[in-house]
Protein chains: 2
Amino acid sequence: MPTGTPKGAATLHDVAREAGVSLATASRSLNGSARRVNEEYRSRVVAAAERLGYIPNFSAQAIARGMSPTVALVVSDIADPYFSSIAAGVIRGADEAGLIVTMAVTERSAARELGVVKGLRGQRPRVLILTGSRFLDSGEEEALARELAAYEETGGRVVVVSQRALPFDTLQMNNYDGARDLARALAERGNRRFAAITGTRSLLTSNDRLQGFRDGLAELGLDLPEDRILPAEFTRDGGYQAAGELLERGIDGIDVIFAVNDVMAIGALSRLREAGADIPGDIGVAGFDDIATARDVSPALTTVRLPLEEVGERAIRLALADRDGNEPTVESVGGEVLLRASTR
Amino acid sequence: MPTGTPKGAATLHDVAREAGVSLATASRSLNGSARRVNEEYRSRVVAAAERLGYIPNFSAQAIARGMSPTVALVVSDIADPYFSSIAAGVIRGADEAGLIVTMAVTERSAARELGVVKGLRGQRPRVLILTGSRFLDSGEEEALARELAAYEETGGRVVVVSQRALPFDTLQMNNYDGARDLARALAERGNRRFAAITGTRSLLTSNDRLQGFRDGLAELGLDLPEDRILPAEFTRDGGYQAAGELLERGIDGIDVIFAVNDVMAIGALSRLREAGADIPGDIGVAGFDDIATARDVSPALTTVRLPLEEVGERAIRLALADRDGNEPTVESVGGEVLLRASTR
DNA sequence: AGCTTGCGGGGAAGCGCTTTCCCACTACCA
DNA sequence: TGGTAGTGGGAAAGCGCTTCCCCGCAAGCT
C-alpha cells in the first residue's frame with residue numbers, strides 16, 4: 001500500500017474515479033445489476049477495483065437496497081452439540097445462498113430470547129431462525145409472537161425450528177413420534193420398567209418427547225409412573241444431577257432411563273457409571289437427538305436420530321422459498337430410532 | 001399495528017415527526033450521544049419510538065458512524081466442540097460489549113479461510129477473530145497476512161487465537177508446554193512406549209503439540225519413533241481411522257496413544273473399543289483441549305485442559321483494548337494436565 | 001445595562017451505496 | 001432520409017442514520 005494512502009477503505013467512488021467512469025457505471029459493473037455495461041468499461045472498473053483493493057461496504061449496500069444479506073440465528077447455547085450441529089447446517093446453507101449469518105444466544109431463557117430477537121431486528125436480517133425449544137404459553141411467548149409478526153410485516157422471514165407453536169414457517173421435529181417409537185422399540189426388546197429425566201415443565205420439546213414416550217408405552221400396556229419422572233435442567237449437568245437423585249431413590253426397579261435429550265442422557269450415563277452401575281446390565285439409558293458424541297460414549301447411546309445439520313440447511317431453504325398462500329408452512333422432520341449398546 | 005400502516009419499519013424520521021422534534025434531537029435522544037437533550041423532549045421521543053415500535057437500523061448507523069458494531073468470528077467447523085466452546089465465549093464477550101457476532105466457517109482449508117476473510121471484510125467489522133490452527137507457510141498464509149494488514153489499516157482489529165504465526169494480536173495456546181507436561185506426567189506414571197495421532201503436517205497446532213510431547217519424553221530419555229506417528233484428518237473420524245491403522249500394525253508395543261486433540265482421541269478411543277481393546281489396560285489414550293465430552297466418554301479422557309470459553313472472552317477483550325505501541329501483543333493461554341482414567 | 005458563555009434545538013451535509021431518470025447515440029426500418 | 005426503438009453512460013435522488021455547525025436564548029459576569 002502506497003505511503004500516504006488516506007485512512008479508510010477504498011470506496012466505490014474511488015474506484016469510479018480511478019477507472020474514469022461514473023459512480024453508476026462502477027456500481028453496475030461490480031455489484032450485479034440488471035443493466036449491462038460495456039465490456040470495455042466493465043473491465044476497466046474491475047481492474048481499478050482490484051488495484052485499490054476495493055471491497056463493497058455491506059452496510060451501505062444493505063441500506064441502499066433496503067435489506068441486508070444476513071440471516072440471524074438464535075440458539076440456546078452454541079456449545080451444546082444439538083445447536084452447534086444445526087448452526088453448522090445453517091451456516092452452510094446461508095453460505096450457498098450468499099448470506100452472512102449472525103448469531104445470538106438465549107441461555108434458555110424466554111426473557112432473554114425476546115430481548116435477543118428485539119436486538120437482532122436492528123440488523124434488518126432477511127431471515128430470522130429460532131432454534132430453541134418453545135415454551136408453554138408465557139407472557140414472553142406472546143410478546144415474542146408479536147415481535148416476530150412485526151418483523152415479518154417489514155419484509156423479514158422467520159423460521160422456527162422445533163415445534164409448531166408459533167404462527168410462522170416451522171420445521172417441526174417429530175418429537176412425539178420419535179419418542180413413541182423409541183418406547184415401543186425398547187419395550188419390544190423386553191424392557192418393562194422405565195424412568196424419565198425431563199426438562200422443566202414449560203419446555204415443549206421436553207413435554208412432547210415425554211408424552212410420546214409414555215403413550216408408546218401405554219400402547220403396550222406399560223406405564224411410566226409420575227414419580228419416576230424427574231425434571232431437571234436441559235443440560236448435561238441436569239442429566240447428571242437427576243441420575244444422582246434416581247440413584248438415591250434406588251434404581252433396582254428400573255430397566256431403562258429415558259432422558260429427553262442426548263446431553264442429559266450422557267450426563268446421566270456418567271453419573272451412573274460413577275456410582276459403579278453396569279450399563280445396560282443394571283440399568284439402560286436412552287436419549288434423543290443423536291448428537292455426534294452419542295456413538296462415542298460407552299456404551300454407545302441408544303437414541304432417536306434427528307438429522308440436525310440437514311435441519312439447519314432446510315431452515316434456510318424454507319426461509320428463502322416463496323411462501324405459498326398465507327398459511328405458514330410446516331415441514332416435519334422425522335426421527336429414527338437407533339438402538340445401541342446403552343440399552344438391552 | 002393499525003391497518004394501512006405503510007410497509008417497512010418505522011424510521012427515525014417517523015419518530016421525530018411523531019414526537020414533533022427534529023431528526024437531530026430524535027437521534028440524540030435514542031442513540032447515545034455526547035450532547036444532552038432536554039428531558040421533556042427526550043421522553044417525548046422515547047414515547048414516540050415506543051409507540052411506533054422503532055428499532056434503529058444498524059446498517060444505517062454503521063454507515064453513518066463509519067464502523068459497524070460487529071465482530072466476525074472465523075472457525076474451522078462450528079460443530080466441533082473445540083470451536084463451539086470458543087464461540088460461546090466470544091458471543092458472551094461480544095454481548096457484554098454490545099457487539100453482534102457474525103460467523104464464518106473455513107472447513108479447515110487455508111484457501112477457504114482466505115476467501116472467508118475477504119468476504120467478511122465487506123461487513124467492516126470492528127473485530128475479526130481467527131480461531132483455526134495456523135498453517136505452515138503457504139501462499140495462502142501470506143495472502144491472508146496481507147489481507148489482514150489491509151483490514152487493520154482501515155481501522156479494524158484482528159485477534160488470532162492459536163499460534164503466534166501472524167503479526168497480529170494473538171492468544172497463544174500453550175500447545176508445546178501443555179504437551180510436554182502431559183508427556184512427562186504420563187512417563188512419570190510408568191508409561192514408556194508411545195504412539196501419536198497427529199493432524200496433517202502443515203497444521204501448526206498439531207506440530208507444536210507433537211513437538212512438545214516428543215521433547216517431554218526426550219527429557220526423560222524416552223523416544224517417540226517416527227514410524228509411530230500417524231498423520232490423519234484433524235477430526236473425530238481422522239482419529240478413528242488412524243487408530244484403525246495402528247490396530248492393524250499391532251498395538252502390543254504401545255502403552256499410550258497421544259492424539260493431538262480430543263476429538264481425534266475420542267475417535268481413536270471408539271475404534272480401539274470396537275476392536276475389543278481394554279483401555280487403559282491394553283493401551284491408554286490421551287488427548288488435548290479438554291472438550292466438554294472428554295469427561296463423559298469412558299474411560300474418561302486424559303487430556304490437557306484449555307479454558308476454551310474463557311479464551312473466547314479474552315479474545316474480545318484483547319481486541320477491544322487499546323494497543324500499546326506498535327508491536328502486536330501476545331497473551332499466552334496455559335494448559336493444565338488432567339490425568340483421567342483413559343491412561344494408567 | 002451590556003457583554004460573554006454555555007446550553008441545546010434544528011438544518012443540512014454527509015456516510016457508501018443503488019437506482020431512477022434523462023439523454024446522447026447507434027441501429028434499424030420504411 | 002426521417003423516424004423509432006434500443007442501448008448504455010451519467011447526474012442525482014434517495015436509503016436511515018449521525019454530527020457539524022449555526023443560532024437563539026438564558027444565565028452569569030462586571
Could you tell me whether the side chains of S133(A) and T205(A) share a donor-acceptor contact shorter than 3.5 Å?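 Note: S133(A) and T205(A) side chains meet the donor-acceptor criterion.
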
May I ask you to check whether over 12 heavy atoms, not counting those of [X], lie within 6.0 Å of atom [atom1]?
| X | atom1 | value |
| --- | --- | --- |
| R164(B) | CZ | no |
| R36(B) | CZ | no |
| E50(A) | CD | no |

For a quick check, with a 4.0 angstrom heavy-atom cut-off, what is the B/S/- contact string for nucleotides 4-10 of chain D, read 5' to 3'? ----BBB

After noting the C-alpha distance and the side-chain angles of V15(A) and V45(A), does the key distance pass the side-chain contact (heavy atoms from CB on, under 4.5 Å) rule? CA-CA 7 Å; V15(A) 174; V45(A) 171; 4.0 Å; yes

Quick one: pull up CZ in R44(B) and OG1 in T25(B) and give me the separation to the nearest 0.5 Å.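 Taking CZ in R44(B) and OG1 in T25(B), the distance rounds to 9.5 Å.
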
Does the Y151(A) side chain pair with the main chain of P125(A), one donor and one acceptor, at a distance under 3.5 Å?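 The answer is yes, because a donor-acceptor pair under 3.5 Å joins these two groups.
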
Before accepting this row, confirm whether a basic side-chain N of the pair R17(B)/D14(B) lies closer than 4.0 Å to the acidic partner's carboxylate O.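 Looking at D14(B) together with R17(B), the answer is yes, because their closest N to O distance falls below 4.0 Å.
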
Taking DNA chain D as the partner, which of residues 56-69 of chain B come within under 4.0 angstrom of it by heavy atom?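 By residue number: P56(B), N57(B), A60(B), Q61(B), I63(B), A64(B), R65(B).
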
Taking 5' to 3' order, which nucleotide of DNA chain C is first and which is last to have an atom within less than 4.0 Å of a heavy atom in chain A?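 Contact span on the strand: dG16(C) to dC21(C).
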
Checking all strands, does T11(A) fall into the base, sugar-phosphate, or nothing category for heavy-atom contacts under 4.0 angstrom?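 Sugar-phosphate, backbone atoms only, no base.
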
Do you know the tightest heavy-atom contact between I86(A) and V161(A)?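 Heavy-atom minimum between the residues: CD1-CG1, 4.4 Å.
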
Between R108(B) and D80(B), is the salt bridge (Lys or Arg N to Asp or Glu O under 4.0 Å) condition met? List the steps. CA-CA 11 Å; R108(B) 302 175 208 283; D80(B) 181 324; 3.2 Å; yes

